[in-house]
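Structure first, commentary second.
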Amino acid sequence: MSPSPAERADVLRRQIEDAGKAYHERDELLIPDADYDALVRELEALEQAHPELARADSPTRRVGGKASSRFAEVRHVVPMLSLGNAFSDEEVQDFVRRIGERLRRDALYFSAEPKLDGLAISLRYEDGQFVQGATRGDGATGEDVTANLRQIRVIPHRLQGEGWPDVLEVRGEVYMARADFEAYNADARLHDGKVLANPRNAAAGSLRQLDPKVSARRKLSFFAYGTGEVRGGELPATHSATLAQLRAWGFPVSDLCQVVEGSEGLLAYYRDIGERRDGLAFDIDGVVYKLDDRAGQEQMGFVSRAPRWAIAHKFPAQEQTTTVEAIEIQIGRTGAATPVARLDPVAVAGVIVSNATLHNADQIARLDVRVGDTVIVRRAGDVIPEVVSVIAERRPAGTAPWQMPTHCPVCGAEIVREEGAAAWRCSGELSCPAQRKEAIAHFASRRAMDIDGLGGKYIDTLVDAGIVRGVADLYRLQRDQLLQLKLVLDAGSPEALASQIGAHLPPEASGDYLRAILQLDGRDETWRAQALAMPAAFVWNTKKIATRWADNLIAAIDASRDTTLERLLFALGIEHVGESTAKALAAWFGDLALIRRLPWPLFKRVPDIGGEVARSLGHFFEQDGNQKAIDALITIGKVRITDTHRPSAKLRDGLDFAQVLVEAEIPGITRLRAEKLVAALPDAATLLDAEPVRFVAAGLPNDVALGLADWLDRDGHGHMLLKAEACRQELLALAPDQAEQIAGPLEGQTVVLTGTLAQMTRDDAKARLEALGAKVSGSVSRKTAFVVAGTEAGSKLTKAQELGVEVWDEDRLLAYLAAH
DNA sequence: ATGCCTCGAGTTCA
DNA sequence: CTCGAGGCAT
């Protein structure tokens, strides 16, 4: 049976998308360009022949396409800066105060302008002629979009008037007016084209079109708001006069630009624009204030990549109303049951929101969100959608308060709440497929074992099929198994796959699909020739993509076998043990064999590990299943820890038996009492043998002595104490670790990274800072030594400024790293 | 006990 | 990114 056009179209779309994604996200070529083009052409032909199959999200309509979508790079001689943000009146007043103090001036004049929601660009004029236009890019380097900018009617090709500098760069915002955006989408809907999400995306997408004719059809506009490089000429001494001059030279400048005085003037302007916002012809997301006189600007200078003389005052996150269609719960890696609201999709602050976390049952109870409710949603911090409140008047009749289900929707185990905790958990542990999948995904994740290419979709299938039950099974996977898996997944189902293949194989070759495909693997020349003779490149491409994936995944799994103790400890997914704790454990103990059998009180020897984390570690390693899983990883999986070393000598400081007793958290046992106890009963064996009277004789109050006796009898505590004592002696007997690291120049300093770095990845920067002894943390506080801010730095930069923490830009970091 | 400072864990969308 | 909560200094 030959595949229906619909099935065929589905397969094509999936292949095109896989290849396109690999190319865009990883710069990886899954299939040659010619093959890719063939796939796209076939899909186009199919969609034309069967218009009912054409879909708005089809890759044939994708903006930009695939290969060659690279624009030339343009280096900005004067960097295109980002702006600091203000969200409250106070922050604006602080901004004005800082300037007043530094410039020692009472009256400050600002140029205030609307902040358009578009795309920042730079236009270069030489001898009055438009020669080049570029996007902002990372601020230092952008993309050359000259051809597309020439299509924008309001951008002058030649400067008007006179007196312009020999070289003039004009900075401004390309945007799409609301009316033009609506018209575009109406047209797109009519012709079944791709509907764009918002004017901003429309502008950005249009500008990055490769074909200028395409972007010409979309009506873009432009407002100038500043200048970049200027050579062979002078600009007026104030920003406002410069804008007027730009207008005279032929540039559109918003007529909402105004000069105002002091913070009062700024705030009045903000309110005025806020009121007029909805009536404007274009979207704005705030207003921008710039110190008007250039001399003052120069005196103020820059922090990181942002000028100190300008700030963006943002409007509050946009809110929208929508309805709650369902409240589902998701089971996380630790079993945490998180309620998520499925919403009727709605556009909030530029994106379509269809899910919003409700965080936990308390939050639902507080808001009293019910299925069917109309709610207000907001994008908190402009990213993660949240439900703000319920509109009570619009609640349908007959609803009941939402309740946490009593059983896990995935495995059916009971959902329980720990005492005093906020979170409900599925009690199924690793017998719950949801938890097992998440645990495996965590194990494979980049910061853990780093098995690239093993996404959630494949883990789902592997676990559902029973091929992978635990993490060690990953190391048993065979290439052909994976190949089959991928082929079936790509086709949607084994049946779909078989029917598709049947059509393209010669009659004598049809039959078992998988066998057919597998035999194409270069081993059988006859098959190979037949495949090449097939009418469509389909089988080849399917095969090539799948083979590539399987080979890559096998290679990634193989590469993950050599790992560090830190990564493996993190990968195990022990509760409360994240990257940082795993790193500390690895550094202090150095040896998995030791860690696996360590009684929990001894984990507290490591700074930043307290009772909770230590118990969690102990609990994990007590479980037989976990020990077996680790054994399997090592023996069957051939996982090797490459950095095993001796425990740190520092572990021995203050480590006597009395301390072990204290750290075991026995009720009533203080350091003083423990010492008395040890003086009378010097080791664990003696202690265990002793009658409670001996404890009293050693100076313990009656109730504490009885409590201790009771404690020793319960829950294997006695045995644990014996083990702890044995381990303690072992640690003491170990030769001191010679390889104590030399103190780096940043030893003991905490550094925070924020924003996007252009020259290196954040992981890279982190590793290099750590190599110098720094601790790289995620949150800014007074103790932070300095904050490294890349482009688009967010709240952490703001916080650093508030706390007066030093801010480095990327160049400074690079210079520092180079010097050390 | 109280109040930082961090870390861990969970999540959204392009 | 944000929230909750663990660890530790006061």
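Being a predicted model, the structure only gives us computed values, none of them experimental. Below, all heavy atoms of this structure are taken into account, side chains as well, without hydrogens, waters or symmetry copies.
Between A/Glu770 and A/Lys775 there is no salt bridge, since no side-chain N of the basic residue sits under 4.0 Å from a carboxylate O of the acidic one. Electrostatic pairing of A/Asp452 and A/Arg446 does not count as a salt bridge here, judged by no charged N lying under 4.0 Å from a carboxylate O. Salt-bridge formation is not detected for the pair A/Arg436/A/Glu429: no Lys NZ or Arg NE/NH1/NH2 atom is positioned less than 4.0 Å from an Asp or Glu carboxylate oxygen. Ion pairing of A/Glu663 with A/Arg605 is present here, as a side-chain N (NZ or NE/NH1/NH2) and a carboxylate O approach within less than 4.0 Å. Between A/Asp608 and A/Lys583 no salt bridge is recorded (no basic side-chain N to carboxylate O distance below 4.0 Å). One finds a salt bridge joining A/Glu579 and A/Arg447 here, because a Lys/Arg side-chain nitrogen approaches an Asp/Glu carboxylate oxygen to under 4.0 Å.
A/Lys766 has its NZ atom 11 Å from the C1' atom of B/dC7, to the nearest Å. Distance NE2 (A/His442) to C1' (B/dG8): 10 Å, rounded to an integer number of Å. Rounded to whole Å, atom P of C/dC3 lies 14 Å from atom CG of A/Leu358. Whole-Å rounding puts the A/Lys775 NZ to C/dG7 C1' distance at 12 Å. Atom CZ in A/Arg615 sits roughly 11 Å away from atom C1' in C/dG6 (whole-Å rounding). The distance between atom CD of A/Glu663 and atom P of C/dC8, rounded to the nearest whole Å, is 10 Å. When rounded to the nearest whole Å, the span between NE2 of A/His576 and P of B/dA9 equals 7 Å. In this structure, CD of A/Gln749 is placed 16 Å from P of B/dC5, rounded to the nearest angstrom.
When distances run from any side-chain atom of A/Thr357 to the nucleotides C/dG6, B/dT11, B/dT6, the shortest one goes to B/dT11. The nucleotide whose nearest atom lies closest to any side-chain atom of A/Ile352 is, among B/dA14, B/dC7, B/dC4, B/dA14. Among the nucleotides B/dC13, C/dC8, B/dT6, the one closest to any side-chain atom of A/Ser354 is B/dC13. Taking every side-chain heavy atom of A/Thr750 into account, B/dT6 is the closest of B/dC4, B/dT12, B/dT6.
Of the residues in residues 425-441 of chain A, none lies under 4.0 Å from DNA chain C by heavy-atom distance. Contacts with DNA chain B (heavy atom under 4.0 Å) in residues 323-345 of chain A: A/Gln330, A/Arg333, A/Thr334, A/Ala336, A/Thr338, A/Val340, listed by number. Residues from residues 578-586 of chain A that place a heavy atom under 4.0 Å from any atom of DNA chain B, listed by number: A/Gly578, A/Glu579, A/Ser580, A/Thr581.
Residues A/Cys432 and A/Ile331 approach most closely at SG-CG2, 4.5 Å, considering heavy atoms. A pairwise comparison of heavy atoms in A/Ile415 and A/Met404 identifies CG2-CG, 4.2 Å as the closest pair. Considering every non-hydrogen atom in both A/Glu91 and A/Ala86, the closest pair reads CB-CB, 3.8 Å.
Considering only side-chain N and O atoms, A/Ser781 lies under 4.0 angstrom from the phosphate OP1 or OP2 of B/dT6. A/Asn355 has a side-chain polar atom (N or O) that falls below the 4.0 Å cut-off from OP1 or OP2 of B/dC13.
In this pair, A/Phe589 and A/Phe603 present their aromatic rings perpendicular. The plane angle is above 60°, beyond the 30 to 60° band. In this structure, A/Phe570 and A/His442 have perpendicular ring planes: the angle between them is above 60°, well past the 30° mark.
Annotation: cation-pi geometry not satisfied between A/Arg370 and A/Trp402 (NZ/CZ under 6.0 angstrom from ring centroid, within 45° of ring axis).
Remark on DNA chain C: of its neighbouring residues A/Gly778 and A/Glu612, the 5'-side contact belongs to A/Gly778, judged by nearest-heavy-atom nucleotide.
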